[in-house]
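Heavy atoms only: backbone and side chains are in, while hydrogens, waters and symmetry mates are out. As the structure is a prediction and not an experimental result, all values here were calculated from the model.
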Amino acid sequence: MPRTILVSNRLPVSVQVERGVLDVRASSGGLASALRGVHADGESLWVGWPGDVSRLDDRQRAALAQRLTAMRIAPVYLTAPEISRYYDGFSNGVLWPLCHYLLDTVRVDAGRDFATYEEVNRRFADAVCAEWRPGDRIWVHDYQLFLVPGLLRRRLPDARIGFFLHIPFPSSEILRTLPWRDAILRGLLGADLVGFHTDTYAFHFGYATAQLLGLEPCTDAVRYEDRVVRFGSWPIGIDAEHYEALARAPEAEATAARIRQEAAGRTVVLGVDRLDYTKGVPRRLLAIERLLERWPPARTRLHFTQLAVPTRERVDAYARHRSEVQELVGRIDGQYGTATRAPVHLMHRSVSPRELAALYRAADVMLVTPLRDGMNLVAKEYVASRWDDRGVLVLSELAGAADELAEAILVNPYDLDGVAAAIQRAMQMPAEEQEARMRLLRARVRRGDVRSWAQRFLEDLAAPDPDPAPRTSAAARPSLAAALADVAAQRLLLLLDYDGTLVPIVAQPALGLPDARLKVLLRALAERHEVHLVTGRSRGSIEAMLGELPIALHAEHGLWSREGGVWVPEAAVDLSWRPAVEALLGQISRRTQASMLEIKDACLTWHYRGVEPQLARARLSELRHRLMRLPEHDRFEVLAGRKAIEIRPLGAHKGTLASKLATRFAPGAIVAAGDDTTDEQIFAALPPEALTIRVGEGRTAARFHAEDVLGLRTELERLA
Ligand code: GDG
């Protein structure tokens with residue numbers, strides 16, 4: 001039976017040794033509780049790190065292994081140095097602050113940490129591969145495991161892989177500062193479905209694939225290699241019923257009453273956060289200070305409790321953060337406290353779920369003001385606990401939860417005056433308004449609870465691809481080496497594209513020069529075979545680079561051929577459309593930074609490789625639209641290439657040339673290689689027996705694949 005394999009850094013349990021006794025405890029935290037339901041309900045297996053087991057002896061380890069197996073858990077054990085580099089160093093020292101837009105906090109020079117991050121991600125992938133059976137779905141979680149989907153895809157090409165990110169996916173302008181950004185994006189693109197909390201994060205991801213990898217994403221999918229990767233938002237929820245039940249329990253009522261009594265008629269204001277610098281506690285305290293300063297009644301009416309749960313204390317930034325918070329609390333209480341009362345109370349510890357529910361029940365005003373937060377479950381837990389429809393939520397607009405919880409008082413956490421004013425407004429909000437807002441909030445939190453979140457993601461993961469590409473696993477593909485070895489003894493017709501096929505694509509076409517080894521290869525091939533270079537470049541450009549070699553050159557997709565030493569035009573071509581098209585392209589090119597218009601003898605090519613992706617898309621659609629409206633529109637053809645669009649005479653393409661040349665050779669003695677749509681016209685024009693080779697991934701009519709330029713060149717060396 002197919003299963004769901006859950007993969008996350010932390011497991012739903014964590015292992016400790018207390019006075020030599022093995023202790024396996026349920027671990028807390030949003031992710032573990034969110035997935036616990038999936039694991040309990042269905043056929044599933046959970047792969048993750050159980051915590052530090054270095055102090056266990058062999059007997060305890062065996063006992064632990066047995067207990068984990070019984071819980072359907074496959075542990076990935078990590079050493080202390082691994083934890084320090086992969087978890088503290090790279091995950092929490094680099095990725096965490098980066099994704100929360102705190103560039104100054106990102107560790108400097110984390111190369112070694114990244115190497116360990118890669119290594120540990122590989123170990124997680126190994127553990128999944130060891131367990132995976134055909135039909136199993138894999139669901140990988142969070143930023144500690146960004147590379148896992150990509151690593152899995154290489155080894156399990158046919159597996160269904162989902163990924164969910166629990167923290168914000170930053171704007172691509174932030175992501176681009178990360179030296180390992182490409183690896184992270186390619187890792188994610190190994191998945192079939194990539195999920196985020198909000199549409200904004202999903203948009204950032206799509207945009208980053210365009211800006212940083214040059215892909216062409218649509219709103220919710222992007223083609224990568226030979227697959228479609230879907231992405232979108234699946235906002236996580238909480239177990240709303242459970243929180244409501246906790247808050248309804250008489251015990252919680254009693255504790256809440258005690259808290260209110262201690263506040264002695266003051267307004268109970270609450271903050272609940274892991275003591276993490278992204279949660280905005282210092283600024284929240286400054287806003288409270290501002291309120292006490294500006295609105296004197298607050299000095300006798302406000303009772304603020306901040307529960308600050310210890311977290312990641314081994315990371316330097318967290319220790320500094322803790323002292324900053326403690327100092328601020330001291331300063332405010334020093335200034336505004338009396339002999340018997342302090343306006344701010346700091347609880348630096350964790351509390352039981354029951355106690356937490358009681359705190360939520362007691363709070364008249366809840367402050368959730370992170371500087372950035374993927375979602376923020378505390379906001380939802382507060383709402384779910386308020387079955388009496390009372391209380392006011394003040395929520396940062398920079399938390400993912402703000403997209404759903406619009407009836408909260410939304411604030412910009414960087415605006416101290418704004419936050420102070422919002423707290424005052426919350427403290428003064430009439431009961432009817434509280435009720436109206438809270439009722440809507442509660443309905444929404446209950447509807448989007450954690451079960452429906454997991455169910456919807458897993459259903460979407462199982463759904464068939466919208467536009468399936470034929471999937472051939474690498475192993476099932478026919479071997480190019482063997483096919484070439486079979487024909488090597490004959491005299492062959494070689495039709496070779498240039499850019500992207502014999503040399504890598506570079507930013508500027510003028511820089512795509514042939515290296516000495518390529519020239520040696522082409523010369524050697526020409527001694528035994530008939531070599532034709534078929535390019536979209538102009539005559540002048542290709543001749544300057546390869547004119548000295550004894551091979552035939554074809555420029556502008558075959559409009560010009562040089563088989564002896566002189567260029568011959570294909571046939572009389574109608575160029576009456578050129579002036580109008582050139583004027584239009586010139587106009588668009590001038591308005592578009594980093595684009596370039598290439599003017600050849602017959603064709604015009606507009607290159608937009610470096611153009612800002614959204615602008616490029618808009619300009620392309622404008623261009624296509626205006627081209628179609630030209631009176632000359634039936635005299636030219638428009639062809640989309642790689643980050644370039646080409647306008648050329650009707651009917652002149654590489655395919656026309658290929659079929660003409662092919663008549664001179666037996667079908668089995670033709671070898672053609674290319675990397676983009678213009679080369680597909682060659683593949684389509686040749687007889688089915690020809691050895692057609694696509695360089696790189698992508699939809700193709702070619703029979704064989706070469707991984708990249710170097711891969712193809714190595715294969716061609718067999719023929720020389
Ligand atoms: C990440 C993302 C996203 C806290 N203190 C105690 C305690 N908690 C519980 C809360 C809540 C959870 O921990 C914290 O969840 P958050 O969502 O607020 O924040 P992160 O831990 O940063 O979680 C976040 C989440 O993943 C899920 O995708 O929402 O944006 O950063 O459930 O109640 N629980 C108990 N005692 C405490 O002292 N029992």
Side-chain angles (χ1 to χ4, degrees), residues 492-503 505 509 512 514 522 525 529-543 545-547 549 551-563 567-575 598 600-607 635-665 667 669-696 698-706 709 712 716:
L492 303 169
L493 169 65
L494 299 181
L495 298 172
L496 305 173
D497 168 49
Y498 181 70
D499 295 278
T501 301
L502 294 178
V503 296
I505 296 275
L522 288 173
L525 287 171
H529 310 288
E530 193 173 314
V531 181
H532 291 255
L533 211 113
V534 190
T535 173
R537 286 182 179 249
S538 69
R539 286 185 286 168
S541 151
I542 198 69
E543 185 163 43
M545 293 192 297
L546 299 171
L549 300 180
I551 60 174
L553 300 179
H554 304 272
E556 298 194 45
H557 305 280
L559 272 177
W560 293 95
S561 297
R562 197 196 84 159
E563 293 199 42
W567 287 99
V568 182
E570 165 59 18
V573 284
D574 172 11
L575 295 179
E598 188 186 357
K600 304 183 227 178
D601 288 340
C603 311
L604 297 167
T605 310
W606 186 58
H607 297 268
R635 276 173 263 160
F636 58 79
E637 230 169 18
V638 179
L639 190 92
R642 282 197 179 206
K643 303 283 174 188
I645 185 161
E646 182 155 279
I647 325 297
R648 53 192 190 178
L650 215 55
H653 58 73
K654 290 182 181 178
T656 322
L657 173 77
S659 37
K660 206 177 73 186
L661 293 173
T663 55
R664 307 190 205 153
F665 282 78
I670 303 172
V671 177
D675 72 308
D676 77 6
T677 38
T678 64
D679 305 311
E680 290 298 319
Q681 289 172 322
I682 301 187
F683 304 150
L686 292 177
E689 299 84 351
L691 273 79
T692 46
I693 310 164
R694 168 79 176 216
V695 180
R699 302 197 134 200
T700 183
R703 292 167 56 204
F704 300 92
H705 267 92
V709 167
L712 177 77
L716 289 177

Taking every heavy atom of C603 against every heavy atom of R648, the minimum-distance pair comes out as SG-CB, 3.4 Å

Would you kindly say whether E570 and S561 are connected by a side-chain donor-acceptor distance under 3.5 Å?
-> no

H557 and E646: side-chain donor and acceptor closer than 3.5 Å?
-> yes

With T678 via side-chain hydrogen bond (donor to acceptor under 3.5 Å, both in side chains) - residues at least two apart = K654, D676

Examine distances only and state if a side-chain atom of R703 and a backbone atom of A690 form a donor-acceptor pair shorter than 3.5 Å.
-> yes

Using a 4.5 Å cut-off on heavy atoms from C-beta on, say whether the side chain of L533 contacts that of L549.
-> no

Dump the intermediate steps for side-chain contact (heavy atoms from CB on, under 4.5 Å) on I647 and V638, then the final yes or no.
-> CA-CA 5 Å; I647 325 297; V638 179; 4.2 Å; yes

Side-chain contact test, heavy atoms from C-beta onward, threshold under 4.5 Å: evaluate it for L492 versus L691 and give yes or no.
-> no

Can any side-chain N or O of R562 pair as donor or acceptor with the backbone N or O of G547 at less than 3.5 Å?
-> yes

Step-by-step side-chain contact (heavy atoms from CB on, under 4.5 Å) determination, E598 to H607 = CA-CA 7 Å; E598 188 186 357; H607 297 268; 2.7 Å; yes

Looking only at heavy atoms, what is the nearest atom pair of L575 and P649, with distance?
-> CD2-CG, 4.1 Å

How many angstroms lie between CG in L559 and NE2 in H653, if you round to the nearest 0.5 Å?
-> 11.0 Å

Could you state the interatomic distance from CG (L657) to CG (L495), rounded to the nearest 0.5 Å?
-> 7.0 Å

Do you know which two heavy atoms are closest between R664 and E530, and how far apart they sit?
-> NH1-OE2, 2.8 Å

L650 vs R635 side-chain heavy atoms within contact, under 4.5 Å | no

Any side-chain heavy-atom pair of L661 and H554 under 4.5 Å = yes

Which of these passes side-chain contact (heavy atoms from CB on, under 4.5 Å) with L502: L716, T535, V695, L546?
-> L716

For the pair E556 (side chain) and R539 (backbone), establish whether a donor and an acceptor sit closer than 3.5 Å, ignoring hydrogens and angles.
-> no

Can a salt bridge be assigned to the pair R642 and D675 using a cut-off of 4.0 Å between side-chain N and carboxylate O?
-> yes

Could you state the interatomic distance from CD (E543) to CH2 (W560), rounded to the nearest 0.5 Å?
-> 11.5 Å

On a heavy-atom basis, the closest approach of Y498 and R537 is CD2-NE, 3.8 Å

Do H705 and T700 come within less than 4.5 Å of each other through their side chains, counting heavy atoms only?
-> yes

Heavy atoms of A673 and T501 approach each other most closely as O-CG2, 3.7 Å

Measure the spacing between CD of E689 and CD1 of I670 and express it to the nearest 0.5 Å.
-> 9.0 Å

Contact summary for A672 and I682, nearest pair of heavy atoms | CB-CG2, 4.0 Å

Heavy-atom distance under 4.5 Å between the side chains of L496 and L522, does that happen here?
-> yes

Do the non-hydrogen side-chain atoms of D601 and S538 ever get within less than 4.5 Å of each other?
-> no

Is the backbone of L639 close enough, under 3.5 Å, to the side chain of T677 for a donor and an acceptor to pair up by distance?
-> no

Gap between atom CG of D679 and atom OG1 of T692 - 0.5 Å precision = 11.5 Å

Find out whether E563 and H532 are in side-chain contact, i.e. whether some heavy atom of one side chain is under 4.5 Å from a heavy atom of the other.
-> yes

Distance col, row L493:CG vs L686:CG, nearest 0.5 angstrom, shows 8.0 Å

